[in-house]
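Remember, it's a predicted structure, so these values are computed and weren't measured experimentally. Start at 1 and go down the list; that is how both ligands and their atoms are numbered.
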Amino acid sequence: MLRLSVSRTIAAAGLVLLVCVAAHPPEAQAWGNEGHRMINRLAAETLPASVPAFLRSDAALNEIEYLGPEPDRWRSHAEPELSAAQAPEHFIDLEPADALGPLPRNRLDFEAKVFAAGQRPEKIGLQPWEATEVWERLKAALREYRALQAGGKDTRGVEAAALFYAGWLGHYVGDASQPLHTTDKYNGWVGPNPNGYTTGHQIHWQFEGPFVAANEHEADVRAKMTAPKAIDGDLFDSYVAYLRHTATYVEKVYQLEKAGGFVGAGSAESREFTAERLAAGASMLRDMIYTAWVESAKPVPDPYAGK
Ligand SMILES: [Zn+2]
């Protein structure tokens with residue numbers, strides 16, 4: 001979804017608020033409703049058979065798909081505190097984030113760094129921390145599932161929890177395949193502009209909303225997904241690498257926009273590009289769910305080991 005900058009909006013007068021809301025369709029959502037639902041469904045549909053059946057059943061696919069847009073349902077003015085706190089979790093502007101040095105692994109360490117620089121986290125974004133934390137919730141639930149199952153106990157409660165975490169996670173992983181969620185050029189070019197890219201505030205929603213809804217189909221996106229794999233090594237580092245790969249396509253989005261690629265049916269190139277980005281989100285989500293399952297079998301490290 002377009003960044004309805006909460007701090008800016010709250011700080012602004014009523015007139016500005018009205019203009020802001022009018023400029024961005026109220027139904028606007030990151031990747032739009034259609035893109036998020038597609039990413040979540042494709043991820044769940046392509047999970048390896050070693051992942052428990054409760055995450056792959058028809059009912060699970062429907063629930064995980066439904067949850068694709070879930071965090072965008074938390075942006076309502078009816079829940080202003082929730083909206084303000086979670087809005088920055090959908091994006092990260094890597095330019096100002098990197099200007100502060102290496103990204104710390106913990107959310108609060110990053111926030112402390114941002115505040116110390118006289119800035120605000122909601123301006124820069126909290127994407128990789130939210131995604132990592134929700135992934136860890138999923139892993140914890142799957143570890144609990146394994147323990148209950150091993151003890152011959154009822155697993156229905158933990159299955160519902162794990163399904164929710166998997167679907168919730170999908171939203172952020174999906175957002176992070178959209179290049180405009182990784183940059184301060186999130187809705188109009190900023191800074192030196194020798195190529196004359198648009199500085200208007202339409203490109204973000206134009207690309208991820210109506211264009212996807214009108215032109216992107218599940219079969220085409222599915223064909224561009226990678227083969228399933230468990231993610232090796234550190235999840236936070238892998239996730240940040242995924243974000244940085246997405247960020248390499250920021251200028252491409254502006255080039256396509258300049259060529260009229262997001263108007264109407266766009267071009268073969270813009271449709272292919274967008275399908276690949278949706279597929280990247282679906283592939284990463286599938287691999288993160290699979291990795292949570294694999295990692296949930298590992299013993300919990302002993303914090304007192306060697307002390
Ligand atoms: Zn979002």
Side-chain angles (χ1 to χ4, degrees), residues 1-9 20-21 23-43 64-94 97 107 121-135 137-138 164-187 201-213 216 221 239-240 242-243 246-247 249-250 253 274 277-282 284-285 288:
M1 172 175 177
L2 283 178
R3 199 177 315 170
L4 275 183
S5 171
V6 171
S7 60
R8 245 177 280 164
T9 304
C20 186
V21 169
H24 307 320
E27 73 277 14
Q29 287 150 358
W31 275 131
N33 203 46
E34 293 79 8
H36 274 301
R37 291 186 78 112
M38 196 189 296
I39 286 170
N40 270 29
R41 183 164 200 99
L42 282 171
I64 289 174
E65 178 186 335
Y66 169 80
L67 290 168
E70 183 71 357
D72 284 335
R73 300 177 181 122
W74 302 333
R75 294 176 179 273
S76 168
H77 296 299
E79 288 86 34
E81 293 80 15
L82 172 64
S83 178
Q86 68 94 42
E89 295 168 347
H90 298 246
F91 67 90
I92 183 165
D93 291 356
L94 286 168
R107 174 195 295 251
E122 64 267 40
K123 297 274 192 194
I124 298 179
L126 297 167
Q127 236 284 337
W129 296 279
E130 177 66 3
T132 303
E133 291 163 17
V134 178
W135 179 79
R137 287 181 172 102
L138 173 62
F164 178 77
Y165 295 139
W168 179 21
L169 174 66
H171 183 85
Y172 305 110
V173 181
D175 278 351
S177 73
Q178 210 285 44
L180 302 186
H181 278 250
T182 64
T183 177
D184 58 6
K185 300 166 183 63
Y186 65 91
N187 198 21
H201 303 314
Q202 294 85 34
I203 184 172
H204 192 116
W205 176 239
Q206 185 186 15
F207 168 48
E208 74 180 15
F211 180 74
V212 169
E216 298 300 333
V221 174
Y239 193 83
V240 170
Y242 163 68
L243 270 167
T246 297
Y249 296 108
V250 170
V253 176
T274 307
R277 289 289 81 218
L278 292 164
M284 183 63 170
L285 174 59
M288 287 176 75

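- Counting only distance, with no hydrogens or angles, the side chain of Trp168 and the backbone of Val134 share no donor-acceptor pair below 3.5 Å.
- Between the Zn ion (ligand 1) and the N, O or S atoms of His171, the shortest distance is to NE2.
- Residues Trp205 and Phe211 keep their aromatic ring centres 6.0 Å or farther apart.
- The N, O or S atom of His90 lying closest to the Zn ion (ligand 1) is ND1.
- Sorting the N, O or S atoms of Asp175 by how far they are from the Zn ion (ligand 1) puts OD2 first.
- Distance alone, capped at 3.5 Å, is enough to place a donor-acceptor pair between the Thr182 side chain and the Pro179 backbone.
- Between His181 and His90, the ring centre distance reaches or exceeds 6.0 Å.
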